[in-house]
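Counting begins at 1 with the first residue of the sequence.
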Amino acid sequence: MTEPLMSTYNRLPIDLIKGQGAKVWDAKGNEYLDALAGISVCSLGHAHPAVAKTLSEQASKIIHCSNIYGIPAQRELAAKLCEISGMHKVFFGNSGAEANEAAIKIARLYAHRNDIKNPVIIVTEGAFHGRTLATLTATGNRKVQAGFEPLVQGFVRARYGDIEAIKTIAQSTANVVGVLLEPIQGEGGIRIPNDQYLNDIRELCDANNWLMMLDEIQTGMCRTGEWFAFQHTDIKPDIMTIAKSLGNGMPIGACLAQGKAADVFQPGNHGSTYGGNPLACQTALTVIKIMEDSGLKDRAAQLGIDMLKHFHNSLKDTTGIHEIRGKGLMIGIELTHDCPQLVSMALDQGLLINVTAGNTIRLLPPLIITDSEAEQIVQKVCAVIQQFVSK
Ligand SMILES: *Cc1c(COP(=O)(O)O)cnc(C)c1O
């Protein structure tokens, strides 16, 4: 039989059919420890009973009704997200890319209302913002863009982590309306900018009347030890996008805004058929409640510190390690050489990991992992690295 799926992914040779907490099983009954959580999606682990209960109860009441009508769970979720983020208004979509599309549209509309006819958004090298035409244009990776030209106009690129690069653009480019970036680059290799970077960007945005737009799709929802990574600083963005862990696997994304960005959208400017439907919103409310009740952000922060320490200790005499870095349970181990083979080698050891940017092991385990599971992840990853570099 020919393969009926479009060939968009190079898939690993296992079918995952069941999960429980931080463990998953393939169709042959093999067990794996999940150190990736579907790329920072299943932060509460798999088959969480309270999430499953919400899904089934809500499905028996109402799944969808259209945004033509009021949706209480959507209002409640928006209020909750504003409470934990300090933002003021929310638009719901179904994915990260859609959340970023909303952010880009708000920035353009804001520009046009301020008589900027050809607005430009500053984006960064190594960024990942999604696969739609506008978001792949904003993405700083040629592989994501190649073959899809003509790209969308109105983006200029600055080196990530380098405030001077943005200042140079500010001087040479008219019509800048905002900056869009990840507080820590995920896909780009767990790149953590210096502590001052976000503050400097905030200052620059304020001085120039630009919008500061943070893509927290991977970093948000307790992943880095705060609800949102910007909360490690004392600044606030004008726009923030989230998705991934918000629904723990139930597709949902959101674009949050405050201040001058909060009321840019008016009826008719934007929309989504599924966006913010009762099922997705009720599920996200449950996700937030569990995260809150179990103090998951503090737990993620502590586990991150512990795991980084163990990695540093265990790998201090291993050659081929360029850098070990992370914040909360967003951890990257950059090797000196490309290491895509590590993914299959880990799989053989019963561990799900990811390698991004060619040479960086990316760990995004469920935030509910036990101390023992965290320890097993460190041991297995170190064993696989040692096996790899000794070859
Ligand atoms: C995953 C991701 C996206 C895209 O989200 P989708 O739901 O796949 O559209 C955008 N930005 C960042 C930082 C991401 O990690």
So, R131 and E187, do they make that salt bridge, N to O below 4.0 Å?
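Result for this pair is no, no salt bridge flagged.
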Indicate yes or no: does D34 engage K23 in a salt bridge with an N to O separation below 4.0 Å.
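Salt bridge: no.
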Is there a side-chain contact between [X] and [Y], using heavy atoms and a 4.5 Å cut-off?
X    : Y    : answer
N100 : D215 : yes
M213 : I121 : yes
C281 : E76  : no
V176 : N208 : no
E373 : T370 : yes
I331 : L308 : yes
I321 : T336 : no

Applying ring pair (Phe, Tyr, Trp, His ring centres under 6.0 Å) as the test, list every pair that has at least one member in [range]; sequence neighbours left out.
range            : value
residues 72-101  : F91-H270
residues 283-320 : none
residues 172-210 : Y160-Y197

With sequence neighbours left out, what residues match F228 under ring pair (Phe, Tyr, Trp, His ring centres under 6.0 Å)?
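Applying ring pair (Phe, Tyr, Trp, His ring centres under 6.0 Å) to F228 gives none.
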All side-chain contact (heavy atoms from CB on, under 4.5 Å) counterparts of E334, not counting sequence neighbours:
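E334 satisfies side-chain contact (heavy atoms from CB on, under 4.5 Å) with R191, H322, R325, N359, T360 only.
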Please tabulate, one pair per line, all N/O donor-acceptor pairs under 3.5 Å involving side-chain atoms of residues 163-172, not counting sequence neighbours.
unit_1 : atom_1 : unit_2 : atom_2 : d
T168   : OG1    : E164   : O      : 2.8
S172   : OG     : T168   : O      : 3.2
S172   : OG     : I169   : O      : 3.4

Indicate the atoms forming the closest heavy-atom contact of S40 with S245, along with that distance.
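In this case the closest contact between S40 and S245 is O-OG, 2.7 Å.
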When rounded to the nearest 0.5 angstrom, what is the spacing between CG in L77 and CD1 in I288?
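Going from the CG atom of L77 to the CD1 atom of I288 covers 5.0 Å.
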Other residues, nucleotides, ligands: >12 heavy atoms within 6.0 Å of D306 CG:
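Count over threshold, so yes.
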